[in-house]
Amino acid sequence: MIEILSPAELPRARQAGALVADVLQTLKSRTVVGTNLQDIDRWAETMVLEAGGSSCYVDYAPSFGRGPFGHYICTSVNDAVLHGLPHDYPLADGDLLSLDLAVARDGVVADSAITFIVGDSEPAESIAMISATERALQAGIAAAGPGARIGDISHAIGSVLSEAGYPINTQFGGHGVGSTMHQDPHIPNTGRPGRGYALRPGLLLALEPWVMADTAELVTDADGWTLRSATGARAAHSEHTIAITGDGAEILTVPTQAHP
Ligand code: MF3
Ligand code: CO
């Protein structure tokens, strides 16, 4: 199903986007060496509930996971890529951490992910990989202009990732959002320009380029949720929710507050 928001509903989508972005940036600023993934999950829970949001994850039980996710945020560390279950793990200096959060507020969902390095270390290969996913995300957003199709977004994302030297996995990608988190259209992280569903104003899309350093193969942890690279290489993930407007795309998951 594809939902199209009316112009009157767009302010609610902006509110949801701002909530998700502010929570992610607050979590990033609080995360230090020694922070436990379970602390991050509890902080996310408190902030989402205090802001009147509801989690898209707690009761979510898709075919690609084992039972309800049961937590507020995905925390994927180092070789974990997507859907990292927040477990009892204190972060170390130089760890790579992806946080992925989706929340509904006033009936509209926003979904966003950020990846960053914990502590003072600056592992060059990880930073380059994070930057590639961020540039791919911006290219995908820029490709979502008037007259564009899903294939134009996929192609723009995939071109940046491949030129940066990363293999692309198409098992998981971007998606429509609306009153629920995962809707049509599916947006693979590579594709052919001019193909697929034609964008129209009021469509909300979550674009989410992600890569593993040296492989396209995923393996699932014993926890039934956390996806890791098959080689043990690190991975990165960047995601925004955007609204298609008459003259391009508006990023909804932008922070409204200053975060240290
Ligand atoms: N928010 C993720 C995405 O970007 C999906 C997480 S599903 C969960 O599409 F169940 F793991 F939370
Ligand atoms: Co998503």
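Just so you know, ligand 1 is whichever comes first in the structure, and atom 1 is the first atom listed for that ligand.
- Under 4.0 Å is where a charged nitrogen must lie from a carboxylate oxygen, and between Asp79 and Arg228 at least one such pair does.
- Counting heavy atoms from C-beta on, the side chains of Ile73 and Leu24 come closer than 4.5 Å.
- Aromatic ring pairs are classed by plane angle as parallel below 30°, tilted from 30° to 60° and perpendicular above 60°; the pair His182 and His175 is perpendicular.
- The 4.0 Å heavy-atom shell around ligand 1 contains residues Tyr57, Tyr60, Phe69, Cys74, His83, Asp100, Asp111, His175, Met181, His182, Glu208, Trp225, Glu239, ordered by chain and number.
- Judged purely by atom type and a 3.5 angstrom limit, Ser76 uses its side chain to pair as donor or acceptor with the backbone of Gly84.
- A salt bridge links Arg14 to Glu250: at least one charged side-chain nitrogen sits closer than 4.0 Å to a carboxylate oxygen.
- Below 30°, between 30° and 60°, or above 60°: for His71 and Phe69 the angle between ring planes is above 60°, a perpendicular geometry.
- Taking 2.8 Å as the limit, the number of protein N, O or S atoms around the Co ion (ligand 2) is 4.
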Apply the test side chain to side chain contact (heavy atoms under 4.5 Å, CB included) to residues Met181 and Tyr57: give CA-CA distance (whole Å), side-chain angles for both, the deciding distance (0.1 Å), then the verdict.
-> CA-CA 9 Å; Met181 170 170 64; Tyr57 293 176; 3.5 Å; yes
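- Cation-pi check for Arg66 over Trp225 is not met; the charged atom does not lie both under 6.0 angstrom from the ring centroid and within 45 degrees of its normal.
- The residues Arg12 and Glu9 are annotated as salt-bridged, a charged nitrogen and a carboxylate oxygen being separated by less than 4.0 angstrom.
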